Undergrad: 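Would you mind keeping the following structure in view while I ask a few things?
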Amino acid sequence: KFAQNKMKYNPILAHPVCFLILILSIFVYSSQPCVSESIGVAEKIVGNVHTSKPSDKISAGDELFYNQYIKTKINSGATIKFGDGTFLNIGPDSELQLDDLVYNKKSKVLTGYLNLSGGIFQFSNDLKSQMYVTLKTPVATIGIRGTKFSAFAKRSYSELAVTEGNIDTFSKFGTFNIGKNQALQITPSTLRKSRSISEEMKFLFDKASALLNF
């Protein structure tokens with residue numbers, strides 16, 4: 001009798017706190033996106049575009065996955081389409097990781113990180129879904145809520161600009177709303193709101209736009 005009871009008794013399930021931790025652990029684990037989960041597709045590829053391995057080329061039609069790394073060479077670019085209809089246009093000589101970027105089809109919300117080590121991109125939402133993403137650059141981390149914006153980054157400087165509509169931004173420098181043709185110009189110690197996009201960013205944006213025809 002004792003042996004039977006011993007087999008049925010589970011100390012983890014018997015202790016309320018342990019049982020709660022077990023349930024929470026299962027919930028957290030099951031809610032994490034699968035590393036191999038497809039989050040979008042390479043709709044257009046121009047020139048030489050690859051993953052973290054130069055030999056691992058990305059071609060038009062290829063699926064892109066959770067935590068995808070994308071690098072474009074000189075005179076190269078890529079247009080990525082996500083499940084919610086959002087487009088990400090990546091300009092020449094850029095390095096970007098879609099860090100924890102996930103689209104939830106039920107809530108129609110795109111969340112995660114865009115880690116831009118260098119270069120330029122344009123992020124364009126179709127207005128049918130919500131976007132709460134965080135932009136990481138070598139000089140700052142900025143939370144972004146909105147529909148359409150562009151970002152430019154190099155080692156000691158970053159710039160965030162709006163080409164249509166407006167976005168809200170959140171960072172250690174404070175909260176800012178920027179509208180069409182306005183920009184945030186950022187260094188490691190400062191953030192300045194500007195009424196216009198810098199000439200350097202405009203030049204790179206126009207180059208990427210002509211290359212990818214967006």
Side-chain angles (χ1 to χ4, degrees), residues 38-65 67-99 101 103 110 112-127 131 133 135-139 142 144 146-167 178-186 194 196-214:
S38 174
I39 61 171
V41 63
E43 183 156 286
K44 179 185 258 186
I45 297 293
V46 177
N48 188 348
V49 181
H50 60 79
T51 67
S52 55
K53 296 179 181 179
S55 59
D56 191 2
K57 300 291 177 64
I58 299 175
S59 301
D62 285 354
E63 286 189 299
L64 300 178
F65 300 94
N67 278 343
Q68 180 78 53
Y69 177 93
I70 304 169
K71 183 172 177 60
T72 62
K73 295 292 189 178
I74 296 174
N75 297 323
S76 301
T79 296
I80 310 304
K81 185 177 181 180
F82 296 98
D84 65 335
T86 295
F87 286 92
L88 174 63
N89 296 300
I90 307 171
D93 202 19
S94 300
E95 191 173 342
L96 177 71
Q97 184 173 9
L98 311 180
D99 190 0
L101 195 68
Y103 173 64
L110 183 70
Y113 292 85
L114 291 163
N115 194 339
L116 182 65
S117 302
I120 191 165
F121 71 76
Q122 181 206 51
F123 205 68
S124 178
N125 187 283
D126 66 353
L127 305 179
M131 179 183 70
V133 300
L135 172 66
K136 292 181 178 179
T137 74
V139 298
I142 303 172
I144 299 169
T147 58
K148 195 169 187 176
F149 69 93
S150 299
F152 160 59
K154 55 185 182 180
R155 187 173 182 180
S156 59
Y157 176 83
S158 297
E159 190 166 347
L160 183 65
V162 174
T163 51
E164 187 176 311
N166 64 82
I167 63 171
I178 54 176
K180 185 176 180 179
N181 295 328
Q182 293 183 331
L184 295 181
Q185 297 168 348
I186 312 147
S194 173
S196 61
I197 301 169
S198 70
E199 287 299 319
E200 184 177 15
M201 183 173 184
K202 185 178 184 306
F203 172 79
L204 293 172
F205 181 88
D206 289 345
K207 185 177 180 180
S209 178
L211 186 72
L212 295 169
N213 193 28
F214 65 84

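Computed from a predicted model, the values in this text were never measured in an experiment.
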Undergrad: For Asn48, give me all partners under side chain to side chain contact (heavy atoms under 4.5 Å, CB included), at least two apart in sequence or on another chain.
TA: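 Once residues adjacent in sequence are excluded, the partners of Asn48 under the side chain to side chain contact (heavy atoms under 4.5 Å, CB included) criterion are His50, Lys57, Lys73, Ser76.
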Undergrad: When the side chains of residues 206-214 are checked against the rest of the protein, which donor-acceptor pairs come out under 3.5 Å, sequence neighbours left out?
TA:
{"unit_1": "Asp206", "atom_1": "OD2", "unit_2": "Lys202", "atom_2": "NZ", "d": "3.0"}
{"unit_1": "Ser209", "atom_1": "OG", "unit_2": "Phe214", "atom_2": "O", "d": "2.8"}

Undergrad: At their closest point, which heavy atom of Ser196 faces which heavy atom of Ala183, and how far apart are they?
TA: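 Residues Ser196 and Ala183, closest heavy atoms: O-CB, 3.9 Å.
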Undergrad: Tell me, please, which residues at least two apart from Ser198 pass side-chain hydrogen bond (donor to acceptor under 3.5 Å, both in side chains).
TA: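 Expected list: Glu159.
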Undergrad: For the atom pair NZ (Lys180) and NZ (Lys148), what is the distance rounded to the nearest 0.5 Å?
TA: 9.0 Å
Undergrad: Who pairs with Asn181 by side-chain hydrogen bond (donor to acceptor under 3.5 Å, both in side chains), at least two apart in sequence or on another chain?
TA: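 Counting only residues at least two positions away or on another chain, Asn181 forms no side-chain hydrogen bond (donor to acceptor under 3.5 Å, both in side chains).
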Undergrad: Taking Ser94 for the side chain and Ile120 for the main chain, is one N or O donor matched with an acceptor at less than 3.5 Å?
TA: yes
Undergrad: CG/Asp93 to CG/Leu204 distance, rounded to the nearest 0.5 angstrom?
TA: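 Between Asp93 CG and Leu204 CG, I get 9.0 Å after rounding to 0.5 Å.
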Undergrad: Pair Phe152, Phe203 - check side-chain contact (heavy atoms from CB on, under 4.5 Å), show working.
TA: CA-CA 11 Å; Phe152 160 59; Phe203 172 79; over 6 Å; no
Undergrad: Flag yes if more than 12 heavy atoms outside Tyr113 fall under 6.0 Å of its OH atom; otherwise flag no.
TA: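 It does not: Tyr113 OH has 12 such atoms or fewer within range.
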Undergrad: For Ala42 and Ile45, which heavy atoms make the closest approach, and how far apart are they?
TA: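 Ala42 and Ile45 have their closest heavy atoms at CB-CD1, 4.0 Å.
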Undergrad: What residues form a side chain to side chain contact (heavy atoms under 4.5 Å, CB included) with Val162, not counting sequence neighbours?
TA: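 Testing Val162 for side chain to side chain contact (heavy atoms under 4.5 Å, CB included), a comparison that skips the adjacent residues, returns Ile167, Ile178.
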Undergrad: Going by heavy atoms in the side chains, are Ile70 and Ile80 under 4.5 Å from each other?
TA: yes
Undergrad: Rounded to the nearest 0.5 Å, how far does CZ of Phe149 lie from CD1 of Ile144?
TA: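 Taking CD1 in Ile144 and CZ in Phe149, the distance rounds to 3.5 Å.
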Undergrad: Which residue in the set Ile142, Leu114, Leu98, Asp99 passes side chain to side chain contact (heavy atoms under 4.5 Å, CB included) when paired with Val133?
TA: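 Of the listed options, the one satisfying the test is Leu114.
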Undergrad: Applying side chain to side chain contact (heavy atoms under 4.5 Å, CB included), name anything that partners Ala151, two or more places apart in sequence or on another chain.
TA: Leu116, Phe121, Leu135, Leu160
Undergrad: For Gln122, which residues count as a side-chain hydrogen bond (donor to acceptor under 3.5 Å, both in side chains) partner, sequence neighbours excluded?
TA: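 Per chain and number, Gln122 pairs via side-chain hydrogen bond (donor to acceptor under 3.5 Å, both in side chains) with Asn89.
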Undergrad: Suppose we screen for side-chain hydrogen bond (donor to acceptor under 3.5 Å, both in side chains). Which residues come up paired with Thr72, at least two apart in sequence or across chains?
TA: none
Undergrad: Can you see which heavy atom on Ile39 is nearest to which on Phe65, and at what distance?
TA: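 Taking Ile39 first and Phe65 second, the nearest heavy atoms are CD1-O, 3.7 Å.
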Undergrad: Of all the heavy-atom pairs spanning Pro54 and Ser52, show the shortest one and how long it is.
TA: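 Answer, listing the atom of Pro54 first, then Ser52: CD-O, 3.7 Å.
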Undergrad: To check you understand the geometry: which heavy-atom pair defines the closest contact between Gly61 and Val41, and what is its length?
TA: O-CG2, 3.5 Å
Undergrad: Go through the structure and list residues passing salt bridge (charged side-chain N to carboxylate O under 4.0 Å, His left out) with Glu95, not counting sequence neighbours.
TA: Lys71
Undergrad: Measure the spacing between CG of Leu96 and OG of Ser117 and express it to the nearest 0.5 Å.
TA: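 OG of Ser117 is found 8.0 Å from CG of Leu96.
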Undergrad: Mind jotting down which residue pairs meet the salt bridge (Lys or Arg N to Asp or Glu O under 4.0 Å) criterion with at least one end in residues 40-53? Sequence neighbours excluded, please.
TA: none
